[in-house]
Amino acid sequence: MRLALALVLAAADCGGSAASGPASPAPSPTTESRAPDPTPTPVPLAGNRVAIVAPANDIIQLDAQLQLKGECAPAGSAVTIVVGNSSFPAQVSGEAWEATITLPAGTSIVKAKSGTVQDEIVVTRGADLTPRATQKVRFVWHAGVDEELRKIARGTLQNPSASKVEAFVAGVRSITPAILLSAYEGFDVADASDDSADVHTVDLLPHSDDFFGQSAYDCGNQELHQQSEVLVGTYRSAMVDEFQTWGPMRKTDNLQTRIEDVASALGRTSAHEFGHSLGFVGSDQGSPCGWMLGCDGGHNCSDLAESFARAERFGSGRFIMDPGGKTLNHFRLAETAPNARGPRAPSVFTTFDRSYLAAIHPRP
Amino acid sequence: MKTRLVSYVPLAVLGLATGSAASDLRFGADGLPYLARNATVVVEVASARKVRATTDAQLFEVRPGAVLKGSAPGPLLVVVAMTRDVPPPEVGPGATLFLRPVRANTFAHIVPADRAAFEVVSGGVGVVKADPAGRRQRTVREYVALPESGRKLEWAKRNLGASDPYVQRSAMLEMAEPTRSPSDPALVQALADCLRTTDTKWDNKGVAVNILAQSRSPVATQALDGLARDLKAPNGLRLDAVQAISALPGGREKLREYHGDPVLAPRAKILLERRDSSEGPPASARPPRRDLADVRRLMASRTAAERKEAASAASELQFSDDVVTLLRQAAGPAEKSPAVQLAAVESLGRFNRRESALALSEVVKDAQLTPTVRASALLSLSRIESGLSQPVLRQLAATLQDAELKKLASGLAEQ
């Protein structure tokens, strides 16, 4: 399973990662769906070209042996693989090449060179990850939360009737769990209605604070029975008191739109906090899973691109595990821009994060 | 997924209130504007002594060297929440602390009951580390002393290219303060300028893109266009710039110019198509973009991802009874993947037809389906033209047995 992690990821139900070529951009969200590029884009090889086809860019490799496959042109061109200060010749057959290299610990840039052209990917050799049992998750709405939701409805819609306010509460509570489950689609995560040893509980609380939620960190998801907290009161105070910062929300929006806005925000925070309990994102400050190179208190690191240009692990909130303080509000609403409504595009996990989930919760 | 209501359990009982947890901060809660706005007392530390420490919090006795905001006579008791992965903040000489009184029922395990104490705003990030050269402290001091918005804007403009990342980020966050108008020409110009410099960090440029998107200014369009074309910028940021441009003056023309860029072209194409569809003929008058046989084949796939793709693609088919039947089945209890069911429900709501309204009504009434799928069907139903959906919603409001769904149907029927 370890050797095939990249393939497992590529075959994951709703996601995967793109093979990279010189002309194919690093996995970037599209407008309709922000999942990292799900299918490789064939790149015609014209002139002198070399491309790494497998593994995908920015995945976790648990085995020290990394199998590489690629294409080159013209046929039969010599291809050299470079990792750090070491070089290895690839086996070339026509326009295809293969190589097996030993991957050093940590995050590496792997280059394929042919003459004056090259392609590169980022690969991280992970550790301490083993497949875990099915992780179940349930939502518990605590007393006081409904009143916070009512305040959001009254404070962000134009004079909603009592009936609409109650519909808002019912709608948000019904839809929020689906947002979390959608985020983990393709992995061995299931919903639950009652508590048990394999159930993670997301507690929705009425409090307001400097944060929207919090959760204990658990590298490799060693403990299935944990809790996260999502503070609905924080959303109430942020959305009502600073409504103008929540574009594209308008007070003239209809009830259905606002239900989707708030359910998206609560569901995203639930997915984010649940993610911490699964082990996102180990940092290099001495914590377990430090090889994940997180920062900002266990989140995707905005500075990582300075060292690894092809590792796209931060997106100002378009990725679920981006740090909250750097998450733009419209991404919490599953909107792509603050100035216009569009098809909802919920935040997603990065390619790297998806490969982590594939390692610990592969779909059976 | 069922949900249930339980009595509120204080955070501390759950063990996370101050615990070694990773938290999802509010936007900007790590920067000076938020900290200064939410602190009642701001002090520079002359000396500090750790009084007590637990795994989740540290208690200090702090002698202020300077009080930048509020009143802080004598030594202060200050509690700092510890969060995982953030190194313990250096509460030492020169550090600036943004404080507020400890709230009721928090930190009771570490704060003596008979002493007034303060907590650091935003946990550990409310301790601003001292710069040995003293530059950061001077800048922070200057900011906290500024009395009004106009002078804070000037401060921010001066510091958008600051070499100190903390100061630069705080300057950008000052630009994003809720009290500011995104259309303010001075603000727009400053942000446009910072998009062009190499001094501003990429993540801070992301905040600038967000503000400029709301400006409705041609100056913003030009600056965003420059960022979109910057091959050194992260692809995600370039695409955010394109997204922002699409709703700004001259946006359509700019989108057309990106057709040759492999990174920008796909997004630009989608945005142009969306603009055309919102301004062009109704969907029913446009040729279908998918083939029913292809969608039907995909819908029979063994993988949920492909069935979900089929359910979503069905919304682009020519309307027919066959399409409704296909989607009704995909939304039904025989389908084991909630994601497929939800996609089917969404697609049904995209047809402004009585048949799709009735199909969604059946989904809502189907007690074998989860509350989430049934509620989603109600929301999807409400997107259909009101002349078609309102009678159905009213009937559902009158007949549904489930109390939560009944409430939702009643509210949506009012629109």
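In what follows, every chain begins at residue 1, and chains take the letters A, B, ... in the order their sequences are listed. Nothing here was measured: the structure is a model prediction, and the numbers come from that model.
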Arg383(B) with Glu260(A): basic N within carboxylate O range, under 4.0 Å: yes
Do Ser174(A) and Glu404(B) pair up side chain to side chain, a donor and an acceptor below 3.5 Å, judged on atom types alone? no
Got a donor-acceptor contact below 3.5 angstrom from the Arg318(A) side chain to the Gly236(B) backbone? yes
Look only at the side chain of Gln243(B) and the backbone of Ala337(A), and say whether a donor-acceptor pair between them is shorter than 3.5 Å. no
With sequence neighbours excluded, what pairs up with Phe274(A) under the ring pair (Phe, Tyr, Trp, His ring centres under 6.0 Å) test? Tyr184(A), His200(A)
State the CG-OG1 distance between Leu25(B) and Thr327(A), to the nearest 0.5 angstrom. 9.5 Å
What distance do Leu412(B) atom CG and Lys164(A) atom NZ have between them, rounded to the nearest 0.5 Å? 9.0 Å
Picking from Ile175(A), Thr176(A), Asp210(A), Leu204(A), which has the most non-hydrogen pairs under 4.5 angstrom with chain B? Asp210(A)
For chain B, which candidate among Val145(A), Leu255(A), Asp241(A), Thr245(A) shows the most heavy-atom pairs at distances under 4.5 Å? Leu255(A)
With Thr179(B), which residues qualify under side chain to side chain donor-acceptor pair (under 3.5 Å), at least two apart? none
Reported CZ-to-CG distance for the pair Phe212(A) and Asp24(B), which is rounded to 0.5 angstrom: 7.0 Å
Is the shortest distance from a Lys or Arg side-chain nitrogen in Arg103(B) or Asp209(A) to a carboxylate oxygen in the other one below 4.0 Å? yes
Salt bridge or not between Arg37(B) and Glu242(A)? Use side-chain N to carboxylate O under 4.0 Å. yes
Max heavy-atom pairs within cutoff under 4.5 Å with chain A, candidates Asp30(B), Leu342(B), Leu379(B), goes to Leu379(B)
